[in-house]
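Below: the structure, in structure tokens.
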Amino acid sequence: MATYFERHGALHVAGVRLVDAADRPVQLRGVSTLGLAWYPEFVNEAAFRTLRDDWGANTVRLAMYTCEEGGYMTGGDKAGLEALIDKGVKLCAALGMYAIIDWHILSDGDPHIHADAAEDFFRRMSARYGDCPNVLYEICNEPNGAGVTWPVVKDYARRIIPVIRESAPRAVILCGTPVWSQDVDLAAGDPIDDDNLMYSLHFYAATHKDALRAKAEAALAAGAPVFIDEFSICDASGNGIVDYGSAAAWRALIQRHGLSYMAWSLSNRDESAALIRADCNKTSDWGDGDITDTGLWVRDALRADAFADR
Ligand code: IDC
């Protein structure tokens, strides 16, 4: 069977939708790594193959923290992190999957703090992968903090986007939004002038409910392309209970609009958001008993969508 990438190839944005060269709608569905520095063992061929063939994923997001422990800007092994990204991108290419390169700001809530490094990073990444139509660039995971308004984020985006466009003129770029990538409605009201850009919306279903779903609807109604490059169905700490009711409401919204979605996270960390159980040491070929409640929900969603879209 043809892979999702073989079927759709290079993507672009048309209106609020992600589409392929023939303007057919595309829905990227997959998982996000946890910090690449922390769980490098999950970046392996068998894992990605399991996600593709057993779970139904067509995309992997490669999350590289900038300022948490071992982050790119906080003493992390830069060459090692870039080697993991390279491995992940190449695995995705070989398996006919899409890859998202995520500059995962978090405690560094203002993307300007490390904009010089981001510029250098994305210049080199886009030069390296400019010819790889399966690669998307996510320029700031979750802007947050006092003063980090949409104009501030937009300013950063307007600095990084042209750098990526030097080598990847048509790649899809994902831009974080204020308040941990929730304020997509504000971005919609003051959009960035770029043809192939989408706005990040992140939700954790037990924390984020009707109010955030209303923001998503408002942004879409205003014509802004929204991309869910991170979510889980527990609370925003990555822990706590799984909220199946809210998760179902999010899933309905996702399906109504054909939104792309990436589940946090491909790891066996002892927390609710992890897809793999903490007592499981397998790094691929997970059976039902190896997968957390969150993971089972995610796998069900991915499987159902892959089946409907085969
Ligand atoms: C969390 C991880 C957790 C880690 C922490 C670091 O799940 O293991 O210790 O980061 O501070 C986000 C962030 C994402 C968070 C996640 C859960 O993008 O990095 O991961 N989350 O808190 N936004 C909302 C929730």
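Here the structure is a predicted model, which means the values were calculated and not measured. Start at 1 and go down the list; that is how both ligands and their atoms are numbered.
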Exercise. Quick one: nearest non-hydrogen protein atom to atom 10 (O) of ligand 1, plus distance?
Worked result: Y65 OH, 3.0 Å
Problem set entry | Distance filter under 4.0 Å to L106 heavy atoms, resulting ligand 1 atoms | 11 (O), 13 (C), 19 (O)
Exercise. About how many Å separate CE of M64 and CD1 of I105, when rounded to the nearest 0.5 Å?
Worked result: 12.0 Å
Problem set entry | Polar side chain donor-acceptor pair, D86 to Y129, under 3.5 angstrom | yes
Exercise. Which atoms of ligand 1 have any heavy atom of H104 under 4.0 Å away?
Worked result: 13 (C), 14 (C), 18 (O), 19 (O)
Exercise. Under 30°, 30 to 60°, or over 60°: which ring-plane class applies to F203 and W250, parallel, tilted or perpendicular?
Worked result: parallel
For this session: Could you check which of W264, Y204, F231, W38 puts a non-hydrogen atom nearest to atom 21 (N) of ligand 1?
Result: Y204
Exercise. Of all the non-hydrogen atoms in the protein, which one sits nearest to atom 13 (C) of ligand 1, and at what distance?
Worked result: E230 OE2, 3.3 Å
Problem set entry | Candidate pair Y199 and F227, rule ring-ring contact (aromatic ring centres under 6.0 Å, His included), full reasoning | CA-CA 6 Å; Y199 302 100; F227 192 107; over 10 Å; no
Exercise. What do we get for S265 next to ligand 1 when only non-hydrogen atoms under 4.0 Å count, side chain, backbone, both or neither?
Worked result: neither
For this session: Look at the rings of Y65 and W264 and say which category their plane angle falls in: under 30° parallel, 30 to 60° tilted, over 60° perpendicular.
Result: perpendicular
Exercise. Just which atoms of ligand 1 are under 4.0 Å from any heavy atom in R269?
Worked result: 3 (C), 4 (C), 8 (O), 9 (O)
Seminar exercise, completed: Counting from 1 in the order shown, the ligand 1 atoms closer than 4.0 Å to a non-hydrogen atom of S237 are 17 (C), 22 (O)
Problem set entry | Nearest heavy atoms of W286 and D54, plus distance in Å | O-OD2, 4.0 Å
Exercise. Side-chain contact, heavy-atom cut-off 4.5 Å: R49 with L95?
Worked result: yes
For this session: Ignoring hydrogens, just give me the one of G35, G238, A236 whose non-hydrogen atom is nearest atom 25 (C) of ligand 1.
Result: A236
Exercise. Which of the numbered atoms in ligand 1 are below 4.0 angstrom from a heavy atom of N141?
Worked result: 18 (O)
Exercise. Should the ring pair F42 and Y39 be called parallel, tilted or perpendicular, given that the plane angle runs from 0 to 90° and is split at 30 and 60?
Worked result: tilted
Exercise. Of all the non-hydrogen atoms in the protein, which one sits nearest to atom 7 (O) of ligand 1, and at what distance?
Worked result: E271 OE2, 2.6 Å
